[in-house]
There are 2 protein chains.
Amino acid sequence: MQTSERQKEIIQAAFDLISEQGIQELTIKKIAQAVGVTEPAIYRHFTSKVDILSSVIDEMIAQRNAALLQVRSGSSTARDMIRSFFSVQASLFESRPSLTIMLFPEDLFRNNDELLGRATTMMEETLARFRELLQAGIDEGSLKPGIDCGAGALMLVGGFRLLVASWRLDAGKGRAGRLEADTGSFLAGVFSLIGR
Amino acid sequence: MQTSERQKEIIQAAFDLISEQGIQELTIKKIAQAVGVTEPAIYRHFTSKVDILSSVIDEMIAQRNAALLQVRSGSSTARDMIRSFFSVQASLFESRPSLTIMLFPEDLFRNNDELLGRATTMMEETLARFRELLQAGIDEGSLKPGIDCGAGALMLVGGFRLLVASWRLDAGKGRAGRLEADTGSFLAGVFSLIGR
DNA sequence: GGTAAGTTAGTGATCGCTAACTTACCGCGG
DNA sequence: CCGCGGTAAGTTAGCGATCACTAACTTACC
């Protein structure tokens, strides 16, 4: 079944609300207000709140896959792919801060085993992709040989997560463009260690 | 005012419950059940739920400061301090998994500005300490010169956070000792890049 | 006239928290 | 040694608010 326009609106509203106020503040009423209808109208498009959150995860996975695909087709070396993946993510987050929850799926769904499992899988897949990318970079010679790919993936993804976590906390004051700038210098710092 | 035994019990129960079920599942009733009293009895020891959470943050900050102090007195080089800090944390988390929330204060208190501010400050302080440690390591010669300390701190702390986040998700199956082992190999991987 | 999508009104459950009462222990004057 | 009152810490019962969700009705469109 394809998702209707209203369903997309609802998913997007849930996305934004989670990002702004946290998952514990997400209510059907708030979603309804954001969309511009009353509370029960939401249930014409989703069977339950879990159903909505499930679609939110689907959206996250789709977004990440799209980002990886976009980067893969537009880059020559694995090193470039890594760099442009984070750049794309950073500029995406600058323009739509609500999307940052994509990076932190694990603490969103702790009260639902199925959703938590999918979030965990999503996180592990992301790490696995980066291990592959690092290995590819070593093989093709754009990265230093002898790098521990597991540690490298943790460094890269974990460091970026922490950067984004800090960035979205101090909302307001001169935040515009800062994530992209900080991401750039973070990547420069990392590549000066692992690149060659 | 010093904290009574009951208050310590309550803080510890809140700590554990948050870790096991997430902050959105934390209720006064559950805390009361864990402590072994009825719900209103909790209010003999704390004025509100926010009051409890505030004490939980105090406890987190105290724990981190104690860990840093312990490591500082027992290590010779900055490099050793970094290594033993994460080792101590990892073994601490193995024995008491509930303490892992110390690493993720920022998503616990998003609905309360004061608590969120304190959590943010705590995170930034931790990062600043690691920047100092890295700089000290460079100055004393145990770390490679030319390292970007900002990026290095993000790598280290962010990578460890991600490692712990993954570890605590797959509860149960053969988890014993794995965090310490994984932390060890993560640190080995990082130090092979930044050490000398 | 059937269907999709909205509405108002209201369900039971649970939330943080309070009122009012009980109980146990304490120091102290007679 | 006894009784008295104050206080800390527990109890039962319940408050108003809010939660996810539902029943029943209306409206607009093909």
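Per chain, numbering begins at 1; letters A, B, ... match sequence-line order. Just so it is clear, the model here is predicted, and its values are computed rather than measured.
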Q.
Taking Watson-Crick (N1-N3 plus N6-O4 or O6-N4) and G-U wobble (N1-O2, O6-N3), each under 3.5 Å, can you produce the dot-bracket string of DNA chain D? Use [ ] for crossing pairs and | for inter-strand ones.
A. ||||||||||||||||||||||||||||||

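We find that Arg118(A) and Asp58(A) are joined by a salt bridge, their nearest charged nitrogen and carboxylate oxygen being less than 4.0 Å apart. Salt bridge Glu125(B)/Arg64(B): present, at least one basic N to carboxylate O contact under 4.0 Å. Salt-bridge annotation for Glu106(A) and Arg161(A): present, with a side-chain N of the basic residue lying under 4.0 Å from a carboxylate O of the acidic one.
Put simply, OH on Tyr43(B) is 6 Å from P on dG16(C), counting in whole angstrom units. Taking atom CD of residue Glu39(B) and atom P of nucleotide dC17(C), one finds them 10 Å apart after rounding to whole Å.
Considering every non-hydrogen atom in both Ala151(B) and Gly189(A), the closest pair reads CB-CA, 3.9 Å.
The residue from Ile31(B), Leu26(B), Thr27(B) that alone fulfils the side chain to side chain contact (heavy atoms under 4.5 Å, CB included) condition with Lys29(B) is Thr27(B).
Where DNA chain D meets chain B (any atom under 4.0 Å from a heavy atom), the bounding nucleotides read 5' to 3' are dA9(D) to dA13(D).
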Q: Using the side chain to side chain contact (heavy atoms under 4.5 Å, CB included) rule, take Ile82(B) and Val71(B) through it: C-alpha gap first, then chi angles, then the decisive distance, then the call.
A: CA-CA 8 Å; Ile82(B) 292 172; Val71(B) 153; over 6 Å; no

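Within residues 17-38 of chain B, the residues that place at least one heavy atom under 4.0 Å from DNA chain C are, in residue-number order, Leu26(B), Thr27(B), Ile28(B).
Cation-pi geometry between Arg79(B) and Phe191(B) is satisfied (NZ or CZ under 6.0 Å from the ring centre, within 45° of the ring normal).
In this structure, Tyr43(B) OH and Ile52(B) CD1 are separated by 7.0 Å, a value rounded to the nearest 0.5 Å. Rounded to the nearest 0.5 angstrom, Thr121(B) OG1 and Leu116(B) CG are separated by 9.0 Å.
Note: Phe86(A) and Phe130(A) meet the aromatic proximity criterion, with ring centroids under 6.0 Å apart.
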